Number of protein chains: 2
Amino acid sequence: MPEEPTTKGERTQAEIMDSAHKLFLKNGFHGTSMRQIAEGAGIAVGGIYNHFDNKEEIFLAVLYAHHPINDMLPAMRAAQGNTIEIFVRDAAQRMVESIGNRPEFLNLIFIELVEFNGKHLTTLFEMIFPQVVEAAQRFLEGDDQLRDLPMPILVRAFIGLFFSYVMTEIMVGNQLPNDYRDKAFDYFVDIYLHGILKPVQS
Amino acid sequence: MPEEPTTKGERTQAEIMDSAHKLFLKNGFHGTSMRQIAEGAGIAVGGIYNHFDNKEEIFLAVLYAHHPINDMLPAMRAAQGNTIEIFVRDAAQRMVESIGNRPEFLNLIFIELVEFNGKHLTTLFEMIFPQVVEAAQRFLEGDDQLRDLPMPILVRAFIGLFFSYVMTEIMVGNQLPNDYRDKAFDYFVDIYLHGILKPVQS
DNA sequence: CCTACCGATCGGTAGG
DNA sequence: CCTACCGATCGGTAGG
């Protein structure tokens, strides 16, 4: 829940982060200059240093504010469904709607992995872990329909479902026939559900 | 199948690519300088330009020579198994053995996505597509055990299985209890198999 | 004495 | 394949 910037200083800081965020997504960290960030924020380069010590601090602030789980968790929380199958389908649908059409939604993580060797991931994990645990509680409600699999595996595989879909979509998606693209995610969810649920005769 | 470098020029070119490859994995494209590459290759900056027109051409050569599918396809081709279940487990096991302990194995793709906005992915796809199709033929052999799912979906989901595992491993793997780490990939394969195979009573 | 920002420039490095 | 060097731009900081 981001605070509404009120003072002039807070507004300038938000404009710096917005500018940096867009540029990082497009060009990466080392591909973005302080002058580009300043230009996008409508101030001079020197002005940035009243708000951030250096470029890396800007990246960290942007990473914590806009990492992908921020978009995935609200979708999971909003999901409805009396059975685990309906719940998973609804959660998946909401997630793909909120992030599916933004091919750059993982770029901040990629930058972190490549340009910082993942050194900030520990802190990031500690920030999001409690939220993921809370959202994962929903899985337990359909317990009797599930195969005997550890809960962390179920949750990890559910999140992995999106990486599975999004990564293959990024890499080969625009080359595939439309037949398979439109329904690909539905099939992925279907495979996941058949993978975690006890067999039923329907 | 890389040619063994024989002439002096070919050896120098290979040294430039080796040096660049290591640096790109560690620091990304814009985070790597031509002088670093030259130093690692044991030559001067100007000498690089006898072999490559510019820095981007070095990246392209490294990307085509070392993209992740190069490591995944031989593992798939070597896989054995009379049933699709045994085949998939063997293929998955070989793939995770060849790439599982190299957390940077996707970095070239991440660099391509972030620092080049994926503009070389079309060419990359055209290079690897025939090999993927060939390797995927193996799936057809266990046809009668499979649920009614389109072949491209099965193959895409199988490749996605690795992104699913590797991405979650990268992001939260070293934070999780060892209990779940060791067996996580086996569970992932198990969920995938239950997802694509017809139910059996065993 | 503060926050916010400027024009100008620092020492080094970029691709070529 | 090297030395030497270019136009420009890098991240960061000076005094006011």
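Because the structure is predicted, anything quoted here is derived from the model rather than measured. In what follows, chains carry the letters A, B, and so on, assigned in the order in which the sequence lines appear, proteins first and then strands, with residues in each chain numbered from 1.
- Side-chain N/O atoms of A/E85 and A/H194 include no donor and acceptor closer than 3.5 Å.
- Of the possible donor and acceptor atoms, none in the side chain of A/R94 sits under 3.5 Å from a partner among the backbone N and O of A/M76.
- Against DNA chain C, the stretch residues 15-24 of chain B makes no heavy-atom approach under 4.0 Å.
- The side chain of B/I43 has D/dC2 as its nearest neighbour among C/dC5, D/dC2, C/dG15.
- Comparing D/dC10, C/dC6, C/dG16 by their nearest atom to the side chain of A/A44 picks out C/dC6.
- Computed from coordinates, the A/F52 CZ to D/dG12 P distance equals 13 Å when rounded to whole Å.
- One atom, CG of A/N54, and another, P of D/dC10, lie 17 Å apart when rounded to the nearest Å.
- By the 6.0 Å contact criterion, NZ on A/K55 is enclosed, its count of non-hydrogen atoms from other residues, nucleotides or ligands being greater than 12.
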Q. Passes side chain to side chain contact (heavy atoms under 4.5 Å, CB included), A/Y64 versus A/M127? Steps please.
A. CA-CA 8 Å; A/Y64 295 155; A/M127 287 172 59; 3.7 Å; yes
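- The aromatic ring centroids of A/F116 and A/F29 lie less than 6.0 Å from each other.
- A cation-pi contact, defined as under 6.0 Å to the ring centre and within 45° of the axis, is absent between B/R89 and B/Y192.
- A cation-pi contact, defined as under 6.0 Å to the ring centre and within 45° of the axis, links A/R156 to B/F188.
- Counting non-hydrogen atoms under 4.0 angstrom, A/H30 reaches nothing in the nucleic acid.
- Between the NZ atom of A/K55 and the P atom of D/dT13 there is a distance of 14 Å, rounded to whole Å.
- One N or O on the side chain of A/E112 and one on the backbone of A/K119 form a donor-acceptor pair closer than 3.5 Å.
- Across the protein-nucleic acid pair, A/M34 atom CE and C/dC5 atom P stand 14 Å apart, rounded to whole Å.
- Rounded to whole Å, atom C1' of D/dT3 lies 15 Å from atom CD1 of B/I48.
- Distance, A/F59 CZ to D/dG11 P: 15 Å, rounded to whole Å.
- Rounded to the nearest Å, the gap between the P atom of D/dA8 and that of C/dG12 is 23 Å.
- Ranking D/dG11, D/dG12, C/dG15 by closeness to the A/S33 side chain, first place goes to D/dG11.
- When the C1' atom of C/dG15 is taken as reference, atom CD of B/Q36 falls 14 Å away, rounded to whole Å.
- Stem regions annotated for DNA chain D: none, counting only runs of 3 or more consecutive pairs of Watson-Crick or G-U type with both contacts under 3.5 Å.
- Within 6.0 Å of CD on A/E39 lie no more than 12 heavy atoms contributed by other residues, nucleotides or ligands.
- At whole-Å resolution of the value, CG in A/N50 and C1' in C/dA4 are 6 Å apart.
- Although no hydrogens or angles enter the test, the distance criterion places a donor-acceptor pair under 3.5 Å between the side chain of B/N54 and the main chain of B/E56.
- For a distance-only test at 3.5 Å, the side chain of A/R35 qualifies as a donor-acceptor partner of the base of D/dG12.
- Distance from the side chain of A/Y49 is smallest to D/dG11 among C/dG16, D/dG11, C/dC5.
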